[in-house]
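First up is the structure itself, then whatever we jot down about it.
What you see is a predicted model; the values in this text were computed from it and never measured. Counting convention: from 1, in listed order, for ligands and their atoms alike.
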Amino acid sequence: MFLKIAPDLADADKADIAAAALEEGIDALIVSNTTIARPASLKSPYKDETGGLSGRPLFAPSTALLREFHQSLGGRVPIIGAGGVFSAEDAYEKIRAGASLVQLYTALIYKGPALVAEIVGRLPRLLRRDGFQSLAAAVGT
Ligand SMILES: Cc1cc2nc3c(=O)[nH]c(=O)nc-3n(C[C@H](O)[C@H](O)[C@H](O)COP(=O)(O)O)c2cc1C
């Protein structure tokens with residue numbers, strides 16, 4: 001059973017979710033779903049539409065939240081990193097922040113399914129560059 005969380009949580013909610021994840025034995029957290037926030041950097045004429053915002057503007061906040069949960073859970077619950085991953089470098093940043101697995105959605109629409117092979121192909125070089133023997137060794141570092 002995986003629990004997927006929103007990036008727009010109050011601090012009290014984060015603490016409750018972390019405690020529940022540990023107590024209830026959730027198999028993994030997915031961090032994160034889309035955001036209801038509208039960053040000032042958005043330029044699209046649709047920027048004020050309601051609904052969940054995904055893709056690039058979600059990368060920084062979802063990665064920061066992932067890092068926060070990895071630290072508060074002390075690595076005891078695996079985390080699936082999602083939000084704005086468009087490249088191997090993005091996936092690697094999620095892994096370093098604490099993701100054991102990475103989920104793509106929006107980037108597949110822009111770049112197509114070949115992106116998956118591109119990311120998987122480029123990750124070993126990034127791991128070797130930083131002296132990791134395995135992907136697992138890089139999680140949360
Ligand atoms: C059109 C659309 C539909 C989505 N539907 C779901 C859904 O049904 N369940 C879910 O857990 N997440 C859903 N998501 C969230 C994505 O799985 C993902 O967590 C989020 O978009 C952030 O990743 P991304 O920036 O790579 O898209 C949806 C996202 C989009 C853009």
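Listed by number with element, the atoms of ligand 1 under 4.0 Å from a non-hydrogen atom of T34 are 20 (C), 21 (O). Atoms of ligand 1 found under 4.0 Å from any heavy atom of L58 (numbered from 1 in listed order, with element): 22 (C). Every atom of ligand 1 with a heavy atom of G83 under 4.0 Å away is listed here by number and element: 22 (C), 23 (O), 25 (O).
Between A82 and ligand 1, no N or O atom pair is found at a separation short of 3.5 Å. Ligand 1 has a nitrogen or oxygen under 3.5 angstrom from a nitrogen or oxygen of Y105.
When distances from atom 24 (P) of ligand 1 to the protein are checked, a heavy atom turns up under 4.0 Å. Within 4.0 Å of atom 29 (C) of ligand 1, at least one protein heavy atom is present. Distance screen at 4.0 Å: atom 9 (N) of ligand 1 has no protein heavy-atom neighbour inside the cut-off.
For the atom pair T141 OG1 and H70 NE2, the distance stands at 8.0 Å (nearest 0.5 Å). Rounding to the nearest 0.5 Å places CG of L22 at 8.0 Å from OG of S72. In this structure, F59 CZ and D90 CG are separated by 4.5 Å, a value rounded to the nearest 0.5 Å.
Smallest separation of non-hydrogen atoms from T63 and K94: OG1-NZ, 2.9 Å.
Using modelled atom types, one finds no donor on one side chain facing an acceptor on the other under 3.5 Å when comparing K111 with S87.
For S32, every heavy-atom contact with ligand 1 shorter than 4.0 Å involves the backbone, none the side chain.
Put simply, no part of A107 is less than 4.0 Å from ligand 1, judged by heavy atoms.
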